[in-house]
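Note that the coordinates shown come from a computational prediction; the quantities given were computed from them, not determined experimentally. Throughout, protein chains are lettered first and strands after them, A, B, ... in sequence-line order, and every chain is numbered starting at 1.
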Number of protein chains: 2
Amino acid sequence: MMHDRGIPKPTLERLPRYLRALRRHEATGEIFISSSRLGSESGIEEFQVRKDLTHVEVTGLRSKGYPVEDLILALRQVLGLTGQRDAIVVGAGRLGTALSQYPGFTNYGFKIVDLFDSDPYKVGSMIGDLRVMSVDSMPKYLREMGVSTAIITVPAEEAQRVTDQLIEGGIKGIWNFAPVALDVPPDVYVRNEDLAIGLASLSYHVARARG
Amino acid sequence: MMHDRGIPKPTLERLPRYLRALRRHEATGEIFISSSRLGSESGIEEFQVRKDLTHVEVTGLRSKGYPVEDLILALRQVLGLTGQRDAIVVGAGRLGTALSQYPGFTNYGFKIVDLFDSDPYKVGSMIGDLRVMSVDSMPKYLREMGVSTAIITVPAEEAQRVTDQLIEGGIKGIWNFAPVALDVPPDVYVRNEDLAIGLASLSYHVARARG
DNA sequence: CTATGTGAAAAAGTTCACAGCG
DNA sequence: CGCTGTGAACTTTTTCACATAG
């Protein structure tokens, strides 16, 4: 319901959780799922579930619930998780290595197609089945390969320089694990995944619990 | 200003960003920093900065700004980043390995003191300078060592079982990288770090940018 | 009689504008 | 004057309650 382009941010964070709960639910073979059930399986209140699903092209049946398969499809549709999308990882450190080999990407239609680093000692070596390439070759590479998504796992000091090269290559989406605010033009989307924020949040709450 | 116990969640997410900007700023040797400067260095509007700092025990000087050192101290204080805090990692897979060796924890006063896994083949082996221990020994271990923070990097199917063992051991804070909602008593704080949400968010925005 | 879909109320968070201190 | 600190306006998000459909 509702052809909304421009889903509220908090809703957007919850949709993937519904999707995952639905995939688990799929295995049960049940055809419908109620908002309360979907809610409890994803840790979200049932009225919030219904409100959120308002932004998705799907209709629930009264006294039955939402058709599981349709809902999965609609969520994939709205999240842009249809088809394959190529991405590169910039930064062949520990986190970059872990991410480039993370099998979970496939479930979300992403494929890590190449890995870049600025360290000459790393360039040319193999990590998993990816050969590490030089960041200097990135802009040309991106244009030629038409890759529009990048994951940044370089140290903070290098992040902006790498970002500039990505922009030069015409990147459209950046998943930034470096702990700095990146300066990008308005047509480039940046998602910051700052692990230190998680740490601080944890610290804050644990400190209150124990003093 | 303001002895607030119970800082708004969005503010809590921004405080670590100020802290980091301040640390970078520290190197310049300047004693004061204005809200607009601090804002631009952390990518946040200046009035938002001032509002946020309302929840922190610090006073800015008119026409000068905030004293850098005091502000750093106050932020560390409110975030509970004073002193050393021990934590364990549960799950010796790729992510668990990367996190257990991540040097950044030290900056935030955390120390990964041990690593647990349920796989008998992994138990006993060394990862970095940590020996992998069996999850079955966790509850006793936690009690004896007084560790109250854990990082979960096990697969989704195992996460709740592991969580139950952590709770049995008296854990107070969990940083959960497994993509499931964990069921915990109200006195246990769970911070979910769901990488798939980042993926989905990225996918949504890139899909809109290119169609 | 069960479970959706949605207006309307409440709460939370952001933005603004400006008084007032140094 | 420059820059903080904050009340008030505004916006967004959550919560609730209930009419309505199957």
TODO: Using the side chain to side chain contact (heavy atoms under 4.5 Å, CB included) rule, take L12(B) and H205(A) through it: C-alpha gap first, then chi angles, then the decisive distance, then the call.
DONE: CA-CA 10 Å; L12(B) 205 50; H205(A) 289 281; 3.8 Å; yes
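- Residue order along DNA chain D, read from the 5' end via each residue's closest nucleotide, puts T11(A) first among T11(A) and L61(A).
- Between Y66(B) and dG5(D) there is a side-chain N or O to OP1 or OP2 distance below 4.0 Å.
- Taking the six-membered ring for Trp and the full ring otherwise, Y108(A) and F105(A) have centroids separated by 6.0 Å or more.
- Only at 4.0 angstrom or more do the heavy atoms of residues 179-203 of chain B sit from any atom of DNA chain D, so none qualifies.
- Contact check on R14(B) versus D52(B) returns a salt bridge, with a Lys/Arg side-chain nitrogen under 4.0 Å from an Asp/Glu carboxylate oxygen.
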Open item on the list: Before you tell me yes or no, could you show the steps for V135(B) and D117(B) under side chain to side chain contact (heavy atoms under 4.5 Å, CB included), namely the whole-Å CA-CA distance, both residues' side-chain angles and the distance that decides it to 0.1 Å?
Closed with: CA-CA 5 Å; V135(B) 287; D117(B) 203 290; 5.6 Å; no
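- Per the geometry, CG belonging to D70(B) stands 15 Å off P belonging to dT4(D), to the nearest Å.
- Using modelled atom types, no side-chain atom of S35(A) and backbone atom of V49(A) make a donor-acceptor pair closer than 3.5 Å.
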TODO: Determine, for nucleotides 8-13 of chain C in 5'-to-3' order, which nucleotides have protein heavy atoms under 4.0 Å from the base (write B), from only the sugar-phosphate (write S), or from neither (write -).
DONE: B----S
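- Under 3.5 Å, the side chains of Y66(A) and S34(A) contain no donor-acceptor pair of N or O atoms.
- Computed from coordinates, the E46(A) CD to dT6(C) P distance equals 16 Å when rounded to whole Å.
- As a whole-Å value, the separation of D52(B) CG from dT15(C) C1' is 13 Å.
- Put simply, CG on L15(A) is 14 Å from C1' on dT13(D), counting in whole angstrom units.
- Looking at which nucleotide of DNA chain C each of S35(A) and R50(B) is closest to, the 5′-most match is held by S35(A).
- One finds a salt bridge joining R191(B) and E13(B) here, because a Lys/Arg side-chain nitrogen approaches an Asp/Glu carboxylate oxygen to under 4.0 Å.
- Q165(A) contributes no side-chain N or O that, together with a main-chain N or O of M138(A), makes up a donor-acceptor pair within less than 3.5 Å.
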